[in-house]
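Notes follow once the structure below has been shown.
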Amino acid sequence: MLAFIIRRLIGAIPVIALVALIIFCLLYFAPGDPATIIAGDLATPEEVQRIRVALGLDQPFHVRLGIFLLNLVRGDLGTSIFSNLPVTYLIGQRLEPTFSLGALTILLSVVVAVPLGALAAWRARRAVDRMALVISVLGFSVPVFVVGYLLIWVFAIKLAWFPVQGYTPLSNGVGSWLSNLVLPTLSLGMVYIALITRITRASMLEVLSQDYIRTARAKGLSDRAIIWRHALRNAAVPIATVVGIGVALLLGGVVVTETVFAIPGVGRLLVDAILRRDYPMIQGVILLLASIYIIVNLCVDISYAIFDPRIRY
Amino acid sequence: MEQPVLSVRNLTTSFARDGLWQPVVRNLSFDIRPRETLAIVGESGSGKSVTALSIMRLLPPTNSRTAGSITLMGRDLLRLPDNEMRRIRGNEIAMIFQEPMTSLNPVLPVGYQIVEALMLHRGLSRVEAEAETVRLFDKVRIPAAKSRLGEYPHRFSGGMRQRVMIAMALACKPKLLIADEPTTALDVTIQAQTLELIKMLQAEEGMSVLFITHDMGVVAEIADRMLVMYHGNAVEAGETAEVFRNPCKPYTRALLSAVPQLGSMTGRGRPMRFPVVDINTGESDTPVETPDTIARADRPVLEVRGLTARFDIRAGVLRKRTGCVHAVENVSFSVQPGETLSLVGESGCGKSTTGRSILRLIEPRAGTILVEGTDILSSDARALSEARKKMQMIFQDPFASLNPRIKVGFAIAEPFLVNRMGTRAQARDKVADLLVRVGLKPDMASRYPHEFSGGQRQRICIARALAVEPKLIIADEAVSALDVSIKAQVVNLMLDLQASLGLAFLFISHDMAVVERLSHRVAVMYLGEMVEIGPRSAVFGNPQHPYTKRLISAVPVPDPSRRRMARSISNAEIKSPVRALDYIPPVREYREVSAGHLVQSWGEEWAA
């Protein structure tokens with residue numbers, strides 16, 4: 001098991017290196033010169049050149065790449081061109097809202113969808129199953145921003161149960177932190193609840209027809225023990241895969257949700273950075289998101305081996 | 001007369017098909033007395049497994065319906081509420097199933113799967129239950145019981161998994177054990193051990209056994225009484241010895257005479273057809289020996305010399321080679337045109353790997369394979385596809401080896417077309433001709449595989465193999481999955497085709513009785529090596545190698561009067577051909593016993 005995890009970790013290093021290289025190249029070859037933007041419309045060519053030298057933009061490709069990678073290893077993502085603050089500091093400021101939203105959404109989706117899917121499979125083609133199907137179809141077909149504004153209108157404006165917008169840090173108390181996140185989590189979570197419910201149902205249906213489930217029933221186990229102890233772990237591999245994909249999709253989704261609910265997270269940081277051509281900032285955020293993808297995939301792979309003792313790569 | 005443990009009266013089980021209730025078990029009545037073994041015998045579709053599942057109430061309630069009464073010690077199971085029925089399952093009636101490989105939950109440790117039942121029904125604590133499980137493992141003779149509790153099912157062999165299932169069934173000292181084909185998926189020597197074990201444990205625990213099987217040999221070995229089922233009806237019931245000696249009903253007679261019997265070929269030189277029995281009258285034709293089909297003077301159609309196939313096992317962070325499966329080790333033989341050579345042996349002996357290596361579906365490590373003189377292993381892609389036309393393969397599972405979305409006519413024509421052997425019109429004629437040859441009708445070409453029965457599908461697979469007019473057919477367990485009467489028909493078909501087309505067969509099988517019936521020569525494989533090869537009459541009549549003897553003696557004899565005396569149960573698992581990296585295969589010597597009968601010299605491991 002340990003050897004397996006170590007091997008997967010070592011395997012992730014070249015992937016991260018490759019991602020760093022690609023991000024660097026993308027921005028190197030991208031049109032538009034940050035020095036011109038910083039200097040402003042009225043700057044003389046000499047001033048622009050001075051800024052270029054100061055930022056190291058006059059160096060050849062390989063030197064700039066070398067500096068970039070070296071700083072990266074030291075955990076230095078450079079300084080924001082716009083605000084002159086370290087990129088890592090700026091990202092750090094924005095991490096909590098995004099992580100809170102992402103983690104809560106996934107947690108909510110799994111907690112709702114897995115039991116719902118399992119129940120739908122156990123009672124296939126009965127009322128519960130049909131209800132789960134309706135929920136899934138709704139979740140799939142209504143876009144995040146529609147659900148979002150609808151929830152705001154009902155629960156924030158009409159009923160005034162939750163704040164309309166904004167974010168309160170966790171340090172200000174769990175209650176206010178949570179009340180700000182309820183609506184965004186719900187609206188963002190709908191599609192994942194739909195997705196995970198469907199996959200759980202399909203995977204459980206397959207497992208429930210297996211011989212060892214018949215053995216478990218022949219043993220006299222209750223329905224509950226059969227679903228939770230015998231079936232769900234066997235059905236877990238496809239579910240874990242989809243949760244992993246869900247986390248990846250979520251990173252795209254938070255950009256929209258953070259805009260709708262005015263949450264100062266990483267998603268908005270990225271949008272702002274792109275609008276300002278803040279190259280180090282863009283690099284930093286994309287690298288962070290890519291690393292999260294890689295780590296999530298790693299976790300999913302390792303979870304396979306935990307769920308199923310037969311899996312060893 | 002003692003009260004029966006289980007009493008079934010007028011049991012009728014129906015399944016909903018296309019909105020109609022169709023009975024699969026009709027009006028079945030029987031009793032099982034204390035400490036008695038009742039065998040329900042029948043072919044697939046006879047309703048024997050459905051009967052077992054009806055007793056356990058394990059059929060899905062939405063599309064099945066059970067009527068009649070099933071009384072266990074005075075309680076009618078069909079009228080019990082669900083929660084009380086759960087207290088009976090696994091506690092008073094326990095069940096073991098056919099497929100040990102899939103009947104255990106792969107993600108739970110084997111020990112836990114038994115502990116669970118003990119905690120549920122006997123109210124033991126976790127610690128007590130674990131101690132009890134160790135005792136049960138010892139009882140079913142699982143070696144190193146204590147250390148194996150925490151292991152997962154995939155670490156156990158098929159035979160050992162079936163022992164885990166038996167231990168699980170015995171956990172709560174049930175009054176009745178239902179065994180649904182418990183040994184069908186096991187190798188013969190393991191089957192013999194498992195039957196012995198069930199018999200012994202039954203005597204120890206004083207339980208009754210309902211044994212469901214299609215194998216007359218197993219029935220003769222284990223059952224006190226038997227019940228023959230056909231299409232959901234009870235055909236005949238009675239004392240086992242009496243039914244075997246004096247079967248009243250035509251179907252029973254047909255079933256008994258279709259059973260391949262080891263030793264029935266003594267004194268005969270050539271293969272023999274199975275007798276064909278009319279199910280309605282019970283009349284049987286007199287089987288004849290096949291004509292002499294072997295072209296002895298010709299060059300062999302297949303020559304295999306020094307064939308060796310190994311697979312690496314890798315482990316650890318760096319995927320280092322840690323061992324090697326010696327699947328086939330220095331195997332040599334040849335097959336003449338028109339001859340049947342059988343490769344026999346148990347799981348993991350390398351017989352299938354040998355068959356696949358010949359078609360180069362697997363790349364062997366060393367050796368030469370000549371098909372009509374063409375060296376297969378050094379051929380390039382084009383020469384290989386040319387050579388593959390001369391040999392074709394038939395596989396074990398006729399359900400899995402036909403693509404469900406392709407019409408059978410096209411499946412048969414495909415090898416003919418891809419090898420550019422003629423036009424589409426010619427292919428159509430060819431398909432019609434082949435279907436007739438294998439005993440089907442030409443108009444069946446436009447149907448899909450699911451419209452055919454297992455035996456018919458295997459006929460289609462044979463027709464597909466014949467489409468390229470091969471000289472050699474490699475049949476890998478081709479009749480093992482078929483019912484007895486169907487098996488007999490397919491074997492007869494193969495013999496007829498051999499006589500009319502001069503085909504050579506490499507028949508790979510673990511079924512000694514069928515092998516005896518249809519082979520000219522037999523080769524016995526063990527752990528990747530060939531331990532004995534020779535004419536069929538010599539290998540069966542005068543087996544030399546200890547492994548051959550063990551294999552032959554493990555086959556159940558369908559004759560209750562020749563029931564073997566209870567022996568001590570051997571724990572000998574089939575050994576594994578996985579070796580350390582520095583393993584050097586010993587140089588083997590062969591001794592010629594009589595003309596063409598070679599035996600590998602064996603070492604001390606076989607003393608005893």
Side-chain angles (χ1 to χ4, degrees), chain A residues 1-13 121-127 129 203-240 303-313, chain B residues 52-53 55-60 62-63 82-109 112-114 116-121 150-155 161 164-165 168-169 171-172 174 178 180 314-320:
Chain A
M1 187 68 188
L2 198 65
F4 166 73
I5 294 175
I6 291 171
R7 209 162 54 239
R8 302 302 304 196
L9 280 173
I10 294 170
I13 292 171
W122 183 252
R123 292 267 167 264
R125 284 174 288 280
R126 312 248 196 104
D129 187 23
S203 181
M204 281 291 276
L205 266 185
E206 166 86 30
V207 169
L208 288 174
S209 67
Q210 297 293 317
D211 287 351
Y212 50 80
I213 297 299
R214 189 182 56 187
T215 308
R217 296 180 61 209
K219 230 188 273 181
L221 293 181
S222 65
D223 294 359
R224 194 181 301 163
I226 291 172
I227 297 181
W228 298 113
R229 261 187 282 165
H230 283 259
L232 199 56
R233 245 187 100 179
N234 278 288
V237 165
I239 301 173
S303 81
Y304 290 169
I306 293 171
F307 289 131
D308 191 337
R310 288 166 300 179
I311 293 180
R312 291 289 181 273
Y313 299 98
Chain B
L53 293 172
I55 295 171
M56 289 291 268
R57 281 188 33 199
L58 285 176
L59 293 166
T62 41
N63 61 355
D82 278 345
N83 58 343
E84 279 181 44
M85 190 61 212
R86 272 205 295 277
R87 238 171 282 150
I88 296 212
R89 280 189 210 127
N91 191 18
E92 294 181 48
I93 310 178
M95 192 161 177
I96 45 183
F97 299 95
Q98 171 167 6
E99 275 298 333
M101 306 310 270
T102 55
S103 292
L104 288 168
N105 194 326
V107 303
L108 297 173
Y112 176 75
Q113 301 191 39
I114 296 172
E116 192 181 39
L118 287 167
M119 289 166 68
L120 179 72
H121 292 301
E151 286 186 21
Y152 292 94
H154 68 277
R155 306 276 300 263
R161 288 191 210 188
V164 173
M165 285 296 291
M168 189 188 295
C172 302
I178 301 177
D180 188 356
R314 292 169 188 280
V317 178
L318 299 170
R319 311 263 71 194
K320 249 176 38 190

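Quick note: numbers below take in every heavy atom, side chains included, and nothing from hydrogens, waters or symmetry partners. Proteins come first, then strands; the chains are lettered A, B, ... in the order of their sequence lines, and each starts at number 1.
Of all heavy-atom pairs between Gln113(B) and Lys219(A), the closest is O-NZ, 2.7 Å. Nearest heavy-atom pair across His154(B) and Pro309(A) is CE1-O, 3.7 Å. A pairwise comparison of heavy atoms in Val107(B) and Phe307(A) identifies CG1-O, 3.4 Å as the closest pair. The two residues Ala218(A) and Met95(B) have their closest heavy-atom pair at CB-CB, 4.4 Å.
Atom CZ of Arg217(A) is separated from atom CG of Leu53(B) by 9.0 Å, given to the nearest 0.5 angstrom. Rounding to the nearest 0.5 Å places CG of Leu104(B) at 13.0 Å from CD of Gln210(A).
Residue contact with chain B, scored on non-hydrogen atoms closer than 4.5 Å, is absent for Ile213(A). For chain B, the nearby parts of Arg229(A) are the backbone and the side chain; heavy atoms of each come within less than 4.5 Å. No part of Met101(B) comes within reach of chain A, as not one of its non-hydrogen atoms sits under 4.5 angstrom from that chain. In this structure, no portion of Ala94(B) lies under 4.5 Å from any heavy atom of chain A. Heavy-atom distances place no part of Ile178(B) under 4.5 Å from chain A, backbone and side chain included. Residue Leu58(B) touches chain A through both its backbone and its side chain, counting heavy-atom pairs closer than 4.5 Å.
The side chain to side chain donor-acceptor pair (under 3.5 Å) search around Asp180(B) returns Ser49(B), not counting sequence neighbours.
Under the 3.5 Å distance criterion, the side-chain polar atoms of His230(A) are left unmatched by any main-chain donor or acceptor of Leu108(B).
Proximity to chain A among residues 82-92 of chain B is limited to Arg86(B), Arg89(B), Gly90(B), judged by heavy-atom separations below 4.5 angstrom.
The greatest number of non-hydrogen atom pairs below 4.5 Å with chain A, out of Met168(B), Glu116(B), Glu99(B), is found for Glu116(B). Among Pro106(B), Ala117(B), Pro60(B), the residue making the largest number of heavy-atom pairs under 4.5 Å with chain A is Pro106(B).
Here the side chains of Thr62(B) and Arg126(A) are in contact, with some heavy-atom distance below 4.5 Å.
Results of the side-chain contact (heavy atoms from CB on, under 4.5 Å) test with Asn105(B) over Asn234(A), Val207(A), Asp211(A) single out Asn234(A) as the only residue that passes.
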